[in-house]
Every structure is written in structure tokens, then in C-alpha cells.
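Read through the structure below, which is laid out as C-alpha cells, and then see the notes.
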Amino acid sequence: MLSRFTKAFLLIILTLFLLGSLTLLHPPSRAYINPWTGDLFGEGGVEQGLPVFQKSPTNDATHVSGDSAAGGVIMGKLGNATAKAELGRATWKLLHTMTLRFPEDPTEDERNALSSYFYLLSRLYPCGECAQEFQQLLKRFPPQTSSRRAAATCEPPPP
């Protein structure tokens with residue numbers, strides 16, 4: 001006859017073994033990909049049939065200048081509403097954290113870096129519709145980079 005302690009111990013070991021087996025059978029899933037089929041969730045996920053709005057003047061990876069921040073949206077429509085909402089919340093948190101940690105008295109290079117980041121984000125944002133709206137907001141409300149307070153309080157609304 002087994003003691004209560006031994007029975008409890010064996011039950012715990014069996015439970016841990018079953019949980020471990022389940023994690024091996026069910027690989028970790030990404031928010032946008034079905035782990036069983038590999039298909040993108042929701043209306044085909046990222047629609048590939050949408051036109052690219054504008055291409056940059058050069059595709060040379062070594063070309064980096066202020067011109068690379070100017071241009072049209074690169075990504076297509078993101079069809080998954082849940083993924084779009086999660087992406088928006090994460091981006092909003094990133095932008096808030098970045099502007100709140102921005103130097104109080106930034107150099108010209110730091111000011112240009114933050115401004116370029118906003119414009120590049122508006123081109124590369126994974127949701128094409130949101131990126132277009134973000135670009136329109138940046139035209140109406142250009143990034144204020146003169147100080148931490150200016151950057152944090154005049155931050156454009158999220159894409």
C-alpha cells in the first residue's frame with residue numbers, strides 16, 4: 001500500500017509529464033499564424049493583392065539620408081482586427097516610452113533621429129491603412145523634438 005505522500009508525489013509527476021507532452025505536441029503559436037496549418041488568420045491576414053502606394057526613389061541599402069524617411073506607405077492592409085488592435089497598443093506604449101526617455105536637452109543629431117524615426121515608422125508600420133493615417137497626422141502635426149517635454153506632450157496620436 002502506498003502512502004498519501006507517495007500517491008501525491010506520483011500524481012504531481014504524472015501531471016507534469018502530461019503538461020510537458022502537451023507543450024511538445026502543440027508548438028508555441030504566433031498571434032497571426034495558425035500553428036496547425038501555417039495559414040494567416042482572418043481574411044487572409046495581410047492581403048497581398050493591395051497595391052503598394054509609393055516606392056522609395058532608391059532600393060540601395062547603403063543609401064541612408066533624410067529622403068529615406070519621406071515616401072509612401074510600404075505595407076499592405078492588415079485584415080486581422082485583433083492583430084491590428086494589439087499592434088496599435090504595443091506601438092502606443094513604445095512611442096510613449098521613447099518620448100518619455102528622450103533627452104531633456106537633445107542635440108541636433110538626437111532631434112533628427114527621433115523625427116526620422118516617426119517618419120520611418122509611418123512608412124514601415126505593418127498595417128497599411130494605419131500607416132496612411134499616421135502619415136496624414138504627421139503632416140498636420142509634425143514631431144516636436146526640442147525637448148523631452150515637447151516630444152512627450154506633442155506626440156502624434158497612434159497609428
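Remember, it's a predicted structure, so these values are computed and weren't measured experimentally. Index from 1, following the sequence.
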Contact summary for F134 and F118, nearest pair of heavy atoms = CE2-O, 3.8 Å
Worked verdict on I74 versus Y125 for side chain to side chain contact (heavy atoms under 4.5 Å, CB included) = CA-CA 8 Å; I74 294 173; Y125 197 71; over 6 Å; no
Students should find that the hydrophobic cluster of L19, defined by side-chain heavy atoms under 4.5 Å apart, otherwise consists of none
Just say parallel, tilted or perpendicular for the rings of H96 and W92, cut-offs at 30° and 60°.
-> perpendicular
Answer yes or no: is there a donor N or O on one side and an acceptor on the other, between the side chain of S115 and the main chain of N112, under 3.5 Å?
-> no
Listed partners of T15 passing side-chain hydrogen bond (donor to acceptor under 3.5 Å, both in side chains), at least two apart | none
List in chain and number order the residues that pass side chain to side chain contact (heavy atoms under 4.5 Å, CB included) with R140, two or more places apart in sequence or in another chain; answer none if no residue qualifies.
-> L137
Which distance, rounded to the nearest 0.5 Å, do you find between the CG of L87 and the OG1 of T82?
-> 12.0 Å
Looking at L78 and P126, what are the two nearest heavy atoms and their distance?
-> CB-O, 4.2 Å
Using a 4.5 Å side-chain heavy-atom cut-off and chaining through intermediate ILVMFWY residues, the residues clustered with I12 come out as L16
Contacts of R149 meeting salt bridge (Lys or Arg N to Asp or Glu O under 4.0 Å) (sequence neighbours excluded), chain-then-number -> none
Closest heavy-atom pair, A152 versus L100, reported as atoms and distance to 0.1 Å, is CB-CD2, 3.7 Å
Check whether any side-chain heavy atom of K84 lies under 4.5 Å from a side-chain heavy atom of C130, and answer yes or no.
-> yes
Residues I13, F17; criterion side chain to side chain contact (heavy atoms under 4.5 Å, CB included); working and verdict | CA-CA 6 Å; I13 296 298; F17 176 75; 5.5 Å; no
Take M75 and C127, measure what side chain to side chain contact (heavy atoms under 4.5 Å, CB included) needs, and give me the verdict at the end.
-> CA-CA 6 Å; M75 306 295 178; C127 171; over 6 Å; no
Below 4.5 Å, heavy atoms only, C-beta onward: do Q135 and R123 meet side chain to side chain?
-> yes
Which residues share a side chain to side chain contact (heavy atoms under 4.5 Å, CB included) with P103, sequence neighbours left out | P106, E110
Please report the closest heavy-atom contact between S122 and L138, naming both atoms and the distance.
-> CB-CD1, 3.6 Å
CD/E108 to OG1/T145 distance, rounded to the nearest 0.5 angstrom?
-> 7.5 Å
Does Y117 have any side chain to side chain contact (heavy atoms under 4.5 Å, CB included) partners at least two apart in sequence or in another chain, and if so, which?
-> L94, L95, M98, L121
Side-chain contact, heavy-atom cut-off 4.5 Å: L10 with L2?
-> yes
Is there a side-chain contact between L114 and P143, using heavy atoms and a 4.5 Å cut-off?
-> no
